[in-house]
J.: 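Once you've had a glance at the structure underneath, I'll fire off some questions.
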Amino acid sequence: MTKARLFSGMQPSADSLQIGNYIGALMQWRDMQSEFDAFFSVVDLHAITVAQDPAELRAKTRRTAAQYIAAGIEPEKSTLFVQSQVPAHAELAWILSSITGFGEAGRMTQFKDKSQRYGADQTTVALFTYPVLMAADILLYQTKAVPVGDDQKQHVELTRNLAERFNSRFGETFTVPDPVIPGETARIYDLQDPSSKMSKSAESQAGVLYLLDDVAVTAKKVMRAVTDSEGVVRYDRAEKPGVSNLMSIYGALTGSALSAVEDEFAGRGYGDFKKAVRDAIVAEFEPVRARTLELLDDPAELDRLLAVNAARAAEVAEETLSAVYERIGLLRAPRA
Ligand code: ATP
Ligand code: LTN
């Protein structure tokens, strides 16, 4: 039986991914890549919806791809590619924008949040059409499963609506995808402000655990994480967000249930607990960091690998795009 398709991606918006990207995304991707025919993209066209420095964007794109591989995404098994190397993404996005309502796009909460934060003059049209490009990413590959965080659920819902609308207007063309959302404990919060989601492009880095940080920096950030005065290692998101967050991290990295983490640290103080969390993180990150640096040491080989994968992606994408052009009535050039 052929495997169902999976698509997911991350923006190259930082030099290093953070532990939330690792636990909330990469670990799931790694686990799913055997069961699915998986496509993982570094979505650089999404990154330029906010201003980027050209040299840095290129470096961050390579670094993000290297971290995917170092974390266990296998470029021989999965298709790991840079979005802008497959022109069909931008092309299908344009077509899909022609069946997306202005009001419909305006209801996307990520756009509403970001545009409010930046103000109208700093908000680009691309930020507005961001979800349409994301729909193109997904639909080009006849994707069934889209592993994403809770914050992206609305975008996958829009993708489903666009697929159904296109199919009913022009005939069956797209597979309608399903979001695959990890549980609450796969959601990681900022160590200094455990009410907000950890984010790689956060303004303050003190509460963000980067995959590529030095061991000493990671250790310091964990030991300084905000906790509470109760002194008991107990999961309670509302009352004990700091400790609960560290428990989620520890549980995810050691493969333990939260109840097992509570038992393990029963009667022990936060100092002990933090040291164990620190050790688990360092043990997980060190090989990933080393492998990432090794891959970045040979950028030509990394670029070659990405190009081979992009060619594989383009083959699938072109087939869908070609069917779309045909259905909507664009006059096709005769084959040479
Ligand atoms: P940015 O700050 O650039 O928006 P981010 O760190 O918030 O980046 P994204 O690039 O938006 O991350 O997301 C990449 C993937 O990582 C998505 O699947 C997202 O749900 C997941 N992810 C991001 N942050 C976390 C987090 N704190 N906890 C769990 N999963 C996360
Ligand atoms: N918007 C997503 C990144 C992304 C994506 C996708 C995820 C772009 N295209 C297609 C899944 C499928 C984010 O910011 N996490």
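In this chain, numbering begins with 1 at the start of the sequence shown.
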J.: For a quick test of reading the model, state the closest non-hydrogen atom pair linking Tyr22 to Ala71 and the distance between them.
T.: CE1-CB, 3.8 Å
J.: How about Val261 and Phe273: do any of their side-chain heavy atoms sit closer than 4.5 Å?
T.: yes
J.: Find out whether Leu127 and Thr124 are in side-chain contact, i.e. whether some heavy atom of one side chain is under 4.5 Å from a heavy atom of the other.
T.: yes
J.: Are Val125 and Tyr118 connected in a single hydrophobic cluster, I mean Ile/Leu/Val/Met/Phe/Trp/Tyr linked by side-chain heavy atoms less than 4.5 Å apart?
T.: no
J.: Going from CD1 on Ile73 to CD on Gln33, what distance comes out if it is rounded to the nearest 0.5 angstrom?
T.: 4.5 Å
J.: How would you list all residue pairs meeting ring-ring contact (aromatic ring centres under 6.0 Å, His included) that involve residues 172-211, not counting sequence neighbours?
T.: Phe166-Phe174
J.: For residues Ser8 and Trp29, determine if any side-chain heavy atom of one lies less than 4.5 Å from a side-chain heavy atom of the other.
T.: yes
J.: State the CZ-CG distance between Arg62 and Leu296, to the nearest 0.5 angstrom.
T.: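 Those atoms lie 8.5 Å apart.
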J.: Any donor-acceptor pair under 3.5 Å linking the side chain of Asp236 with the backbone of Glu239?
T.: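 Checking the backbone N and O of Glu239 against the side chain of Asp236, a donor-acceptor pair under 3.5 Å is found.
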J.: Would you please name every residue forming a side-chain hydrogen bond (donor to acceptor under 3.5 Å, both in side chains) with Tyr130, sequence neighbours left out?
T.: Gln11
J.: What about Val176 and Ile99, same hydrophobic cluster or not, with Ile/Leu/Val/Met/Phe/Trp/Tyr joined at side-chain heavy-atom distances under 4.5 Å?
T.: no
J.: So if you build clusters from Ile, Leu, Val, Met, Phe, Trp, Tyr with side-chain heavy-atom gaps below 4.5 Å, do Leu57 and Leu212 land together?
T.: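 No, because Leu57 and Leu212 fall into different hydrophobic clusters, even though each may have its own neighbours under 4.5 Å.
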J.: If every non-hydrogen atom of Thr143 is compared with every non-hydrogen atom of Ile138, which pair is closest and at what distance?
T.: OG1-O, 2.7 Å
J.: Shortest non-hydrogen contact from Ala66 to Leu295?
T.: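 Reported closest heavy-atom pair: O-CD1, 3.5 Å.
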J.: Decide, yes or no, whether a salt bridge links Arg312 with Glu315 under the criterion of side-chain N to carboxylate O below 4.0 Å.
T.: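 No, no charged N to carboxylate O under 4.0 Å.
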J.: When you measure from the side chain of Gln83 to the backbone of Leu45, do you find a donor-acceptor pair of N or O atoms at a distance under 3.5 Å?
T.: yes
J.: Assert yes or no for the condition that the ring centre distance of Phe81 to His89 is strictly below 6.0 Å.
T.: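 They qualify: ring centres under 6.0 Å apart.
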J.: Salt bridge (charged side-chain N to carboxylate O under 4.0 Å, His left out): which pairs involve residues 97-117, sequence neighbours left out?
T.: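 Passing the test, one end in residues 97-117: Glu104-Arg165.
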J.: Under the ring-ring contact (aromatic ring centres under 6.0 Å, His included) definition, can you give me all pairs with a residue in residues 231-251, not counting sequence neighbours?
T.: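 Pairs touching residues 231-251 that pass the test: Tyr250-Phe265.
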J.: Do you know which two heavy atoms are closest between Pro182 and Gly24, and how far apart they sit?
T.: CG-O, 3.7 Å
J.: Looking at Lys200 and Asp15, does any basic side-chain N land under 4.0 Å from a carboxylate oxygen?
T.: no
J.: Answer yes or no: is there a side-chain heavy-atom contact under 4.5 Å between Ser16 and Gln67?
T.: yes
J.: Minimum heavy-atom separation for Lys197 to Asp151, with atom names?
T.: NZ-OD2, 4.2 Å
J.: Would you please name every residue forming a side chain to side chain contact (heavy atoms under 4.5 Å, CB included) with Glu157, sequence neighbours left out?
T.: Arg160, Asn161
J.: State yes or no: do Met27 and Val277 share one hydrophobic cluster built from I, L, V, M, F, W and Y residues joined by side-chain heavy-atom distances below 4.5 Å, directly or via other members?
T.: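 Linked within one cluster.
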J.: Are Leu133 and Val86 connected, step by step, through hydrophobic side chains (Ile, Leu, Val, Met, Phe, Trp, Tyr) whose heavy atoms are closer than 4.5 Å?
T.: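 No, no single cluster joins them.
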J.: Could you state the interatomic distance from CD (Gln28) to CG (Leu6), rounded to the nearest 0.5 Å?
T.: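 Spacing of CD (Gln28) from CG (Leu6) equals 11.0 Å.
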J.: If you measure from OG on Ser115 to CE on Met108, what distance do you get to the nearest 0.5 Å?
T.: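 One finds 12.5 Å between OG of Ser115 and CE of Met108.
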J.: Sequence neighbours excluded, which residues qualify as side chain to side chain contact (heavy atoms under 4.5 Å, CB included) partners of Asp193?
T.: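 Testing Asp193 for side chain to side chain contact (heavy atoms under 4.5 Å, CB included), a comparison that skips the adjacent residues, returns Asp190, Ser195, Ser196.
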J.: Just wondering, do Leu139 and Leu96 contact through their side chains at under 4.5 Å, heavy atoms?
T.: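 Yes - at least one pair of side-chain heavy atoms lies under 4.5 Å apart.
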J.: When rounded to the nearest 0.5 angstrom, what is the spacing between CZ in Phe128 and CZ in Phe102?
T.: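 Between atom CZ of Phe128 and atom CZ of Phe102 there are 4.0 Å.
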J.: Indicate yes or no: at least one non-hydrogen side-chain atom of Arg234 is less than 4.5 angstrom from one of Val243.
T.: no
J.: Does the side chain to side chain contact (heavy atoms under 4.5 Å, CB included) test come out yes or no for Val146 and Thr159, once each step is laid out?
T.: CA-CA 11 Å; Val146 187; Thr159 304; over 6 Å; no
J.: Going by the side-chain contact (heavy atoms from CB on, under 4.5 Å) test, name the single residue among Ile48, Thr64, Val82 that passes it with Pro12.
T.: Thr64
J.: Lys220: which residues meet the side chain to side chain contact (heavy atoms under 4.5 Å, CB included) condition with it, sequence neighbours left out?
T.: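 With neighbours one apart ignored, the set is Arg224.
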J.: For Met10, does its backbone N or O pair with a side-chain atom of Tyr68 as donor and acceptor, under 3.5 Å?
T.: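 A pair under 3.5 Å: yes.
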J.: Please report the C-alpha distance between Glu264 and Ser256 in whole Å, then the side-chain angles of each, then the deciding distance to 0.1 Å, and finally whether the side-chain hydrogen bond (donor to acceptor under 3.5 Å, both in side chains) criterion is met.
T.: CA-CA 10 Å; Glu264 185 178 349; Ser256 330; 5.1 Å; no
J.: Could you give the side-chain donor-acceptor pairs of residues 327-336 under 3.5 Å, partners two or more places apart or in another chain?
T.:
unit_1, atom_1, unit_2, atom_2, d
Arg327, NH1, Glu172, O, 2.9
Arg327, NH1, Thr173, OG1, 2.7

J.: Under the side chain to side chain contact (heavy atoms under 4.5 Å, CB included) rule, collect the residues that match up with Asp272, sequence neighbours excluded.
T.: Arg268
J.: With salt bridge (charged side-chain N to carboxylate O under 4.0 Å, His left out) as the rule and sequence neighbours excluded, what pairs involving residues 44-56 come up?
T.: Glu56-Lys60
J.: Are the side chains of Asp228 and Tyr270 in touch, meaning some heavy atoms are under 4.5 Å apart?
T.: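 A side-chain contact exists here, since the closest heavy-atom pair is under 4.5 Å.
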J.: For Asp121, what residues pass the side-chain hydrogen bond (donor to acceptor under 3.5 Å, both in side chains) criterion, not counting sequence neighbours?
T.: none
J.: So, taking the atom named CG in Asp213 and the one named OG1 in Thr218, what distance separates them when rounded to the nearest 0.5 Å?
T.: 4.5 Å
J.: Under 3.5 Å, side chain of Tyr141 to main-chain N/O of Arg5, donor-acceptor pair present?
T.: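 Flag not set: sc Tyr141 to bb Arg5 has no pair under 3.5 Å.
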J.: State which residues pass side-chain hydrogen bond (donor to acceptor under 3.5 Å, both in side chains) with Arg291; sequence neighbours excluded, sorted by chain then number.
T.: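 Applying side-chain hydrogen bond (donor to acceptor under 3.5 Å, both in side chains) to Arg291 gives Glu294.
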J.: Could you go step by step and tell me if Ser78 and Leu80 meet the side chain to side chain contact (heavy atoms under 4.5 Å, CB included) rule?
T.: CA-CA 6 Å; Ser78 301; Leu80 189 176; 5.6 Å; no
J.: Specify the closest pair of heavy atoms between Leu258 and Met247, including all atoms of both residues, with the distance to one decimal.
T.: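 Reported closest heavy-atom pair: O-CE, 3.7 Å.
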J.: Please determine whether a side-chain nitrogen of the Lys or Arg among Glu230 and Lys240 lies less than 4.0 Å from a carboxylate oxygen of the Asp or Glu.
T.: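 Result for this pair is yes, salt bridge flagged.
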J.: Side-chain contact, heavy-atom cut-off 4.5 Å: Leu162 with Leu158?
T.: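 Sidechains of Leu158 and Leu162: in contact.
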